[in-house]
Amino acid sequence: MALGKFNAAEVEARIYADWEAAGCFAAGANARTDAATYSVMIPPPNVTGVLHMGHAFNNTLQDVMVRWHRMRGFDTLWQPGTDHAGIATQMVVERRLAETQQPSRTKLGRDAFTQKIWEWKAESGGTIVSQLKRLGASCDWSREAFTMSGAPGAPQDVSSGNFHDAVIKVFVEMYNKGLIYRGKRLVNWDPHFETAISDLEVENIEVAGHMWHFKYPLAGGATYEYVEKDEDGIEILRETRDYISIATTRPETMLGDGAVAVHPSDERYAPIVGKLCEIPVGPKEHRRLIPIITDEYPDKDFGSGAVKITGAHDFNDYQVAKRGNIPMYNLMDTRADMRADGNPYAVEAAIAQKIANGEQDFDEAMIAAMNLVPDEYRGLDRFDARKRVVADIIAEGLAVMVDNPDFDAEAEADPDRRVGNLPTIPKVENKPIMQPFGDRSKVVIEPLLTDQWFVDTDKIVGPALDAVRNGDVKILPESGQKVYYHWLENIEPWCISRQLWWGHQIPVWYGPSVTHVTNDDGTASDDWDTQNPVHFCGATMDEALAQAVDYYQPSGAFGYLLPDEAENAEASISIPFDEHGQPVRLWRDPDVLDTWFSSGLWPIGTLGWPEDTPELAKYFPTSDLITGQDILFFWVARMMMMQLAVVDQKPFDTVYLHGLVRDAKGKKMSKSTGNVVDPLDLIDEYGADALRFASAAMASLGGTLKLDTQRIAGYRNFGTKLWNAASFGERNGTFDVPHSDAIPDATLTPNRWIKGEIARTREAVDTALTDYRFNDAASALYGFVWGTFCDWYIELTKPIFDSGSEAEIAETKAVYAWGLDQCLILLHPIMPFITEELWGQKVRPKRLIHADWPTYTAADLAAPDADSELGWVTGAIDAVRSARAQMHVPAGTCICARAERTASIAPVTQPNSL
RNA sequence: GCGGGAUUAGCUCAGCGGUAGAGCACUUCGUUGACAUCGAAGGGGUCACAAGUUCGAUCCUUGUAUCUCGCACCA
């Protein structure tokens, strides 16, 4: 059968199915005996995901490396799988419930909702996997993993493995080692998803904002001399004030102020430090007085130099408040609306005032329960509350006033021109401010004081830094190392608890704490406290129960356990009796773990840890990690920390980081800009090989990735060129002889020359891929196949096929067939489909995966009498000339114009004629 | 503010201590012989700027400018 046109769509589907059916991608396929191992972990795409250009690029690079190693006989594993992606997936499924008029998440309840997610996953969770297959990804799909496999409620057949147990085991181990703790901290709170998120999930974006200047009146109408001096110490302003001026961008948080802070060296406010001032919001009769304190934090030169301290709603203030033991009043609920719970404002304010006066002790729990939002603001959206507060303060005349630049006294005096301007207006500065947004929800993040679980990153960061510093783990390009160091050296505790339902539920059960107290009369009793519960952390309910028994037994006459008759028997335990003679009830932490906590265990988790599996022994630590630099902190650094903390081994040898794929002009692809390129469209139009070749060609170390479809079209053409080269060979009968792996002998100069060129190309490709220089490999191949093999060698063989001797033709056929075969082998990692197709159609009767990567060198193949490329080229031209002589072609005619020009033999008089 | 990166042909980008490279675009010519998704020929660059190191700098050093990306951030 003659070669027809190359139909990418048809070929790709057929060949991929053949590969899978033949088990070409299974771990260890094509491995030599005693082969070294090569393993790669796919960066698990979100199970909700669809393939975008970043995936296409990233997975192409992985596939190139994996195929290259597999062909070289390595025992190769490319481990695929998907990530459960807590927030993203919960968001998608919630949206879908709404679209299909199904009950909402909250109506369904936790169990039913997670069941919906499992159903959704079974239905459409495989989308991205099938898309990766279209790209040609040679993952071992039989090992496909999922970061929620094995979780309660998971269908048995969903995915192989039990990732859940691994995640839970790690949590328990880290908890037991003191690497994980729970605490009340100010965290980034996403009011849309109503969950805490980590620092990394917050995007700070500059938006237009305002800074309002308000007066906090001094208590009891006290006054002081306010003196402003310039740089030279010369007095520029002196006035008697009965207030302190405060600037804020967030007036709604004034309600939770605990103090006003000034810098200790700020002379302007020295007279009033230690005095009280009044928060100018809320009902007059219950306005709170707060102290004026000193702290290093305020900047004398910014604003008025005085800062209101709202510990529960600002990260800087939080630190000040902790230093100064200032109470932190939480003003908002989980949706960032002004709180509507608790006692009426009058009651709460009175208590707060006692605290401010030092007349009442306070603790965190008590403060957290207090609601200091005035009644009329309760339940308001935070931004509505801001408007109300501002309006109320201004109406009361407690805003700082400044000259109105628009005020025109004459005009105001003239009844016809009067516009009602006032000579002074409230001081409001328009000012760009950095505002935190949730990376998924896109709503403004609120610092919120809540109880959360944290990884004590300080304790596990050391080995992760050392491994890179001492070269155990290499990060490419090198600039990635510096970024890695910079982040890890300044690492903050990692908040890992999420108030979501889709995820690994934290394996901690709480129970009331019990303390023995000796009463005044000498009797002993137990003090039960559910506000400050004890933790029982265990991989299973039974483990937690055992701990609970140990804890509670010594504290009383608790001899045995009783099964709880409550509905939720799983999460409760009965121990007779507490102080009221009631069973002791445990309750499980409802929160789940940050998705990145589980994906941080991807390397060991997918290989079967904590079981001591053969795969773990063989493929871990993995070889290369190829991923986007945007998840260096999210994922790479955390894998480093966690693998080292859990199994005391590095997760991989080398990290290859690449940038974001941008459009042809270098702009970020985004839906709103409308410049998103769908890789599947590109595959449809140009074929997967063209997209892959373009990806490889773009992938210079540290280079920018601008995707130009013109370029992809060019590589599609390259495929056509290759196809036509095969077609030329076919027409000349080069594939008539059964395929042989043996390197054919050559006596004719062009044949001897091309063998050397092929060997040089093989060396170039190997060198390039060894150094992760995909673009070098691509350009070496492009240049060789098009510029050398097609432009020169084919031209050189024409006269031989036309008029050479039988022996010459036979030799040339053999060399040509072998040469094309070598082209296909070298191209295969980048262009697997077209090479495989040519292989199956004509060149060699086996799956290419069984074609071993060549190891010859130029020295092996180049003839001993020609040690330089120029020598070979010159010889080749001689061959052309002698062939021409045999054909009696008139002098001056050119068969290979370029060859003649290079050797400066003769001017081209009739280009391309024969 | 801290930290990366960039600046080379019209465009997009490689590269390198010793004659400046590719693709695309452009110009001219060429289609019955693998290929028009093609072939042949060709034009086009003070390698951002300045100083330094060197026999020699686009490359190394320092500085400047412009651009860009992370991280943080002043109420």
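- Rounded to a whole angstrom, the distance from the C1' atom of G42(B) to that of G33(B) is 27 Å.
- A straight line from CZ of R711(A) to C1' of C11(B) spans 12 Å, rounded to a whole angstrom.
- Between E228(A) and R268(A), at least one side-chain nitrogen of the basic residue sits less than 4.0 Å from a carboxylate oxygen of the acidic one, meeting the salt-bridge criterion.
- We find that CZ of F774(A) is positioned 24 Å from P of A22(B), with the value rounded to whole Å.
- Both N732(A) and S479(A) lie close to RNA chain B; mapped to their nearest nucleotides by heavy-atom distance, the more 5′-ward contact belongs to S479(A).
- The distance between atom CZ of F784(A) and atom C1' of A22(B), rounded to the nearest whole Å, is 18 Å.
- Identified under the salt bridge (charged side-chain N to carboxylate O under 4.0 Å, His left out) test for residues 770-781 of chain A, with sequence neighbours left out: R773(A)-D776(A).
- Rounded to a whole angstrom, the distance from the C1' atom of U58(B) to that of G45(B) is 11 Å.
- The interatomic distance linking Q629(A) (CD) with G3(B) (C1') rounds to 13 Å, in whole Å.
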Detail all sub-3.5 Å separations between protein N/O atoms and N/O atoms belonging to nucleotides 70-75 of chain B.
| unit_1 | atom_1 | unit_2 | atom_2 | d |
| --- | --- | --- | --- | --- |
| G70(B) | OP1 | K668(A) | NZ | 3.4 |
| A72(B) | OP2 | N204(A) | ND2 | 3.3 |
| C74(B) | OP1 | N316(A) | ND2 | 2.4 |
| C74(B) | O2 | D299(A) | OD2 | 3.3 |
| A75(B) | OP2 | K431(A) | NZ | 2.3 |
| A75(B) | O3' | T249(A) | N | 3.4 |
| A75(B) | O2' | A247(A) | O | 3.2 |
| A75(B) | N6 | D299(A) | O | 2.7 |
| A75(B) | N6 | F302(A) | O | 2.3 |
| A75(B) | N1 | D299(A) | N | 3.0 |

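- For R250(A) and E446(A), the salt-bridge test passes: some basic side-chain N is under 4.0 Å from an acidic carboxylate O.
- Here the side chain of T788(A) pairs no donor or acceptor atom with the backbone of V785(A) at under 3.5 angstrom.
- An OP1 or OP2 oxygen of G15(B) is reached within less than 4.0 angstrom by a side-chain nitrogen or oxygen of R773(A).
- Here the separation of G21(B) from C47(B), taken at their C1' atoms, is 11 Å to the nearest Å.
- We find that CG of L707(A) is positioned 14 Å from C1' of G23(B), with the value rounded to whole Å.
- The aromatic rings of F57(A) and H658(A) sit perpendicular, their planes meeting at an angle over 60°, well past the 30° parallel limit.
- There is a side-chain donor-acceptor pair under 3.5 Å between H213(A) and E429(A).
- Nucleotides A48(B) and A57(B) have their C1' atoms positioned 15 Å apart, rounded to a whole Å.
- Comparing the C1' positions of C35(B) and A40(B) gives an interatomic distance of 15 Å, to the nearest angstrom.
- As rounded to whole Å, 16 Å separates atom P of A22(B) from atom CG of N775(A).
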Pick out the pairs of N or O atoms, protein on one side and nucleotides 35-38 of chain B on the other, that lie under 3.5 Å.
| unit_1 | atom_1 | unit_2 | atom_2 | d |
| --- | --- | --- | --- | --- |
| C35(B) | O4' | N724(A) | ND2 | 3.1 |
| C35(B) | O2' | N724(A) | ND2 | 2.9 |
| C35(B) | O2 | K721(A) | NZ | 2.5 |
| C35(B) | N3 | K721(A) | NZ | 3.0 |
| U37(B) | O4' | N717(A) | OD1 | 3.2 |
| U37(B) | O2 | R716(A) | NE | 3.0 |
| U37(B) | O2 | N717(A) | OD1 | 2.9 |
| U37(B) | O2 | T720(A) | OG1 | 2.6 |
| C38(B) | OP1 | N717(A) | ND2 | 2.9 |
| C38(B) | O3' | K721(A) | NZ | 3.2 |

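- Mapping A726(A) and Y715(A) onto RNA chain B by nearest heavy atom places Y715(A) at the nucleotide closer to the 5' end.
- Atom-to-atom, CD of E478(A) to P of G4(B) comes out at 12 Å; the value is rounded to the nearest Å.
- The gap from the C1' atom of G17(B) to that of G5(B) amounts to 23 Å, rounded to the nearest Å.
- Each of L705(A), L660(A), V676(A), L682(A) was evaluated against M53(A); a single residue qualifies, L682(A), per the side-chain contact (heavy atoms from CB on, under 4.5 Å) test.
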Can you give the donor-acceptor pairs under 3.5 Å from side chains of residues 687-701 of chain A to other protein atoms, not counting sequence neighbours?
| unit_1 | atom_1 | unit_2 | atom_2 | d |
| --- | --- | --- | --- | --- |
| D689(A) | OD1 | F833(A) | N | 3.1 |
| D689(A) | OD2 | I834(A) | N | 2.7 |
| R692(A) | NE | I830(A) | O | 2.8 |
| R692(A) | NH1 | D63(A) | OD2 | 2.7 |
| R692(A) | NH1 | L135(A) | O | 3.0 |
| R692(A) | NH2 | D63(A) | OD2 | 2.8 |
| R692(A) | NH2 | P829(A) | O | 2.7 |
| S695(A) | OG | L691(A) | O | 3.0 |

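- Atom C1' of A14(B) sits at a distance of 35 Å from the matching atom of G1(B), rounded to the whole Å.
- Cation-pi check for R716(A) over Y686(A) is not met; the charged atom does not lie both under 6.0 angstrom from the ring centroid and within 45 degrees of its normal.
- Residues meeting the salt bridge (Lys or Arg N to Asp or Glu O under 4.0 Å) test with E478(A), sequence neighbours left out: none.
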Using a 3.5 Å limit on both pairing distances, list the dot-bracket string of RNA chain B from the 5' end; Watson-Crick and G-U wobble pairs count, crossing pairs take [ ], interstrand pairs take |. (((((((..((((....[..)))).(((((.......))))).....(((((..]....))))))))))))....
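- Between Y772(A) and F774(A), the ring planes are perpendicular. Angles over 60° get that label, and only those under 30° would be called parallel.
- Side chain to side chain, S727(A) and E730(A) fail the donor-acceptor criterion of an N or O pair below 3.5 Å.
- Residue K308(A) forms a side-chain hydrogen bond (donor to acceptor under 3.5 Å, both in side chains) with just one option from D257(A), D314(A), D317(A), and that option is D257(A).
- Between the CD1 atom of I475(A) and the P atom of G4(B) there is a distance of 15 Å, rounded to whole Å.
- Spacing between A34(B) and U27(B) at atom C1', rounded to whole Å, works out to 28 Å.
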